[in-house]
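Working notes for the structure below.
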Amino acid sequence: MCGFVGYIVNNSSVATNDEIMNLKNMTDIISHRGPNDSGYYVDQHVRFGFRRLSIIDIEGGNQPLSYENERYWIIYNGEIYNYLELKKELEELGYEFKTNSDTEVIISLFSHKREESLKDLRGMFSFLIWDKEKKELFGARDHFGIKPFFYLEDGQFLYCSSEMKSITYLKNTIDVNVESLHQYLTYQFVPEPLTMTKEIKKLQPGHYFIKKQGKPMDIRAYWKPSFQPKDLSLNTAKIEIQKALRDSVNMHMRADVPVGAFLSGGIDSSAIVALASEVHPNLKTFTVGFKRDGFSEIDMATQTAKELNVEHIHYLVKPEDFIKELPKIIWHMDEPVADPAAVPLYFVAREASKHVKVVLSGEGADELFGGYNIYHEPHSLRYITSLPSGIVKGLNVLSKVIPEGIKGKSYIERGSMTLEERYIGNAKIFNEREKRSLLADYNELINYQDITKPLYKKSNDYHDVHKMQFIDMHTWLRGDILVKADKMTMAHSLELRVPFLDKKVFKVASRLHPNLTVTNSTTKYVLREAMKGIVPDSVLNRRKLGFPVPIRHWLKNEMAEWARELIYTSETNHLLNKNVIFKMLENHIQGKADYSRKLWTVLTFMLWHQIHIEKVFHLKELTLSEGVNL
């Protein structure tokens, strides 16, 4: 597990001393991703920088790594879980290896099959390969977007990196992308390929690019997720899920360092822990909680760990810890992600890093196996959606005149909208009317459906539940869930692995009909059935919490003054109407309405703006990195 920086120069030139120093600093900024080693490769065309976190004890696996008499050079972040099997296949074809690393397997496979090699890789990855002979730069990102990939293309350079801050280091000023801000206020994250900055973008999951010197990037997809339900019996589906998950967990346990797991007490993490303990019975598990009723899964996680006979370690987060660490959390996040769950994830990763170098986690189960409660909505709204279209249109008009807070308003409003209109993913923070008053310069041409419309077009023939899963896989999963998972663990040089997000597991999940996943009474039905006898019975139907955070309470009390000060001092008047924000905060404090999610979305952006735009905090306050010249 590592971090990289790489760029290609359109006009070939020898690297200057300043360029080399900049490359080193760009690489050192992400030293938390790889504290064990660093490496560099520079020629007339490309500059590569690399930081390494040692997970598997390999000889000669340092990067940048060359292959085929230095024709190819690679920098790579991730883990290829089937690299031993791929290596054996390549050796049978006559390929030779100097190391035992998965890095050399990637570059060898690339020399054999070029972009077709991506279809054989099973794991999480983002990487760059420089072909000196063709003078081509090749870049790729894994199927689901587990590992990040940022890039900036201008007239002279193409910069690529594991974290955006490596690229912004070179920029004297950073401009906020107004389109991104509009979308962020709806989604609570910036949907890919956009970032919060104008110039920098993200390479989307399942994509690769070819960059020829002097020509623009050519970006293409190599994998697209799709749901293709089959007529499977419950028993057949259970057997396939058990087989695929056991195999995935076993592959994800490959490491020469201690491996642990996050355990929140729900079905997802409990399933991973139960299967992982079959491989390594001495597994350590970790969770965090808060001193407030309903906001801690420590007791449930401790009981689950006891029943699974694994060690359990927990940490209790206090409000003062929360406020103190927030600037570091936002700095590590790179972009504003207004999911409060990122904060406990930061603390549980910090605790786990004291004991292990690798943790398993349950991300992806909800998207693949139908785990979110909102997936019940197509069924619960059927009393309205089944009515004649004229009546539905009338109800939509009625919903708009019903006062806020009146019981039934939301139900009528959502039921009288099409799925495409009402569902844009797992979170919808501000609607367009609210954004019109909140934004200093609202642009009516930017609409939240700009993101989801192409996705609904691709999933037009799907069942409504599959459409919702498809939307979440392309928005919520890659924009929120996986971003905070990667950034909060890497902040502590901890590698996170997600066995649910495996090609073979998805192949099984994609064949499930929604009646096996979302029933009238439960979500993830077939996954729960498959885990019977593997996880404790007490876990099977436990309500999903997932590291809940008492933001609603803290913004009324412990964090109220902090919020006021941040709003007041933030230099975002040209972007946001602070009067609206102050009013929301005061109404929230007085208990007139719960504005916690909306406030947290705005406050997260303001803190991000202070760190990355206003430069209120110095790097030494935010990271342990040393030797970076700012």
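Numbers for residues simply follow the sequence, beginning at 1. It should be emphasised that the depicted structure is a prediction, and the values quoted were computed from it without experimental measurement. Just the heavy atoms: all of them, side chains too, but no hydrogens, waters or symmetry mates, feed the values below.
The side-chain contact (heavy atoms from CB on, under 4.5 Å) search around Pro225 returns Trp223, Met473, His474, Phe506, not counting sequence neighbours. Annotation: side-chain contact (heavy atoms from CB on, under 4.5 Å) contacts of Lys201 (sequence neighbours excluded): Tyr151. Contacts of Phe138 classified as ring pair (Phe, Tyr, Trp, His ring centres under 6.0 Å), with partners at least two apart in sequence or in another chain: Phe110, Tyr208.
The minimum heavy-atom distance linking Lys98 with Glu104 is given by the pair N-OE2, 3.0 Å. In plain terms, the two heavy atoms of Phe144 and Pro205 that are nearest each other are C-CB, 3.5 Å. Heavy-atom minimum distance, Ser166 versus Ile30: OG-CG2, 3.4 Å. When all heavy atoms of Tyr81 and Arg254 are compared, the pair lying nearest together is O-NH1, 2.7 Å. Of all the heavy atoms in Leu283 and Ala276, the pair that sits closest is CD2-CB, 3.9 Å. Scanning all heavy atoms of the two residues, the minimum distance from Pro258 to Val356 falls at O-CB, 3.5 Å.
A salt bridge is defined here as a Lys NZ or Arg NE, NH1 or NH2 lying under 4.0 Å from an Asp or Glu carboxylate O, and Glu495 with Arg33 fails to meet this definition. One finds a salt bridge joining Lys318 and Asp321 here, because a Lys/Arg side-chain nitrogen approaches an Asp/Glu carboxylate oxygen to under 4.0 Å. Ionic pairing of Asp502 and Lys507 is not present here: no N-O contact between side-chain nitrogen and carboxylate oxygen is shorter than 4.0 angstrom.
A distance of 6.0 Å separates OG1 of Thr99 from NZ of Lys87, quoted to the nearest 0.5 Å. Considering CD of Glu529 and OG1 of Thr522, their distance stands at 9.0 Å, rounded to 0.5 Å. Arg497 CZ to Ser248 OG: the interatomic distance, rounded to the nearest 0.5 Å, is 11.0 Å. Taking OG1 of Thr517 as the start and CG of Leu527 as the end, the distance is 10.5 Å to the nearest 0.5 Å. Residue Glu240 holds its CD atom at 8.0 Å from CG of Leu512, rounded to the nearest 0.5 Å. Interatomic distance, CG of Asn77 versus CZ of Phe127, reported as 11.5 Å (0.5 Å rounding).
With Ser126 contributing its side chain and Phe149 its backbone, the two residues share no donor-acceptor pair below 3.5 Å. The closest donor-acceptor contact from the side chain of Lys524 to the backbone of Leu368 lies at 3.5 Å or more, if one exists at all. Side chain of Thr236 to backbone of Leu232: no donor-acceptor contact under 3.5 angstrom is found. Under the 3.5 Å distance criterion, the side-chain polar atoms of Thr302 are matched with a main-chain donor or acceptor of Ile298. A donor-acceptor pair under 3.5 Å is formed between the side chain of Gln242 and the backbone N or O of Ala530. The backbone N or O of Cys2 lies less than 3.5 Å from no partner atom in the side chain of Arg51, so there is not a single donor-acceptor pair. Put simply, the side chain of Lys503 gets close to the backbone of Lys119: a donor and an acceptor are under 3.5 Å apart. Looking at Asn426, its side chain never comes within 3.5 Å of a backbone N or O of Trp476 through a donor-acceptor pair. With hydrogens and angles disregarded, no donor-acceptor distance shorter than 3.5 Å links the side chain of Asp142 to the backbone of Met124. Without hydrogens or angle criteria, Thr168 side chain to Lys165 main chain gives a donor-acceptor distance under 3.5 Å.
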Under 3.5 Å, sequence neighbours excluded: what are the donor-acceptor pairs made by side chains of residues 342-351?
from: Tyr346; atom 1: OH; to: Glu325; atom 2: OE1; distance (Å): 2.8
from: Arg350; atom 1: NH2; to: Tyr315; atom 2: OH; distance (Å): 3.2
from: Glu351; atom 1: OE1; to: Lys354; atom 2: NZ; distance (Å): 3.3

Would Thr287 and Ser264 satisfy side chain to side chain donor-acceptor pair (under 3.5 Å), going step by step from the backbone distance to the final call? CA-CA 6 Å; Thr287 196; Ser264 65; over 6 Å; no
**Request:** Step by step, work out the side chain to side chain contact (heavy atoms under 4.5 Å, CB included) result for Leu121 and Leu86.
**Result:** CA-CA 8 Å; Leu121 301 179; Leu86 292 173; 3.9 Å; yes
What's the verdict on side chain to side chain donor-acceptor pair (under 3.5 Å) for Asp102 and Tyr76, showing C-alpha distance, side-chain angles and the deciding distance? CA-CA 10 Å; Asp102 59 346; Tyr76 145 67; 2.6 Å; yes
Does the pair Ser161 and Glu163 meet the rule for a side chain to side chain donor-acceptor pair (under 3.5 Å), with working shown?
CA-CA 5 Å; Ser161 68; Glu163 296 196 8; over 6 Å; no
- I would like to know whether Asp247 and Lys243 meet salt bridge (Lys or Arg N to Asp or Glu O under 4.0 Å); could you show each step before the answer? CA-CA 6 Å; Asp247 178 61; Lys243 182 180 178 181; over 6 Å; no
Q) Are His207 and Gln204 close enough, and set up right, to give a side chain to side chain contact (heavy atoms under 4.5 Å, CB included), and what steps lead you there? A) CA-CA 6 Å; His207 283 68; Gln204 295 194 74; 3.8 Å; yes
Yes or no on side chain to side chain donor-acceptor pair (under 3.5 Å) for Gln63 and Thr103, after CA distance, side-chain angles and deciding distance?
CA-CA 8 Å; Gln63 296 185 44; Thr103 311; 3.3 Å; yes
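Inter-residue side-chain proximity for Asp120 and Leu109 is flagged as met; some heavy-atom pair is nearer than 4.5 Å. Side-chain contact check for Thr27 versus Phe4: every heavy-atom pair is 4.5 Å or farther apart. Tyr525 is listed as a side-chain neighbour of Leu234, based on a closest heavy-atom distance under 4.5 Å. Using a 4.5 Å heavy-atom cutoff, the side chains of Met488 and His332 are in contact. Two residues are said to be in side-chain contact when any heavy atoms from C-beta on lie closer than 4.5 Å; Gln469 and Tyr375 meet this criterion. With a 4.5 Å cut-off on side-chain heavy atoms, Leu477 and Leu482 count as touching. By the 4.5 Å heavy-atom criterion applied to side chains, Trp554 and Ile323 are not counted as neighbours.
Listed by first and then second residue, the salt bridge (Lys or Arg N to Asp or Glu O under 4.0 Å) pairs that reach into residues 298-316 are Lys284-Glu311, sequence neighbours excluded. Sequence neighbours left out, the pairs with a member in residues 472-482 that pass salt bridge (Lys or Arg N to Asp or Glu O under 4.0 Å) are Asp480-Lys484.
Taking the ring centroids of Tyr95 and His112, they lie under the 6.0 Å cut-off. Separation of the His492 and His32 ring centroids does not fall under the 6.0 Å cut-off. Between Phe286 and His314, the distance from one ring center to the other does not fall under 6.0 angstrom. Aromatic ring centroids of Phe50 and Trp73 lie 6.0 Å or more apart. In this structure, Tyr67 has its ring center at least 6.0 angstrom away from the ring center of Trp130.
The 12-atom threshold is exceeded at CD of Glu92, counting heavy atoms of other residues, nucleotides or ligands nearer than 6.0 Å. When the shell of 6.0 Å around NZ of Lys504 is examined, it contains 12 or fewer heavy atoms from other residues, nucleotides or ligands.
No hydrogens or angles considered: a donor-acceptor pair under 3.5 Å links the side chains of Tyr372 and Glu367.
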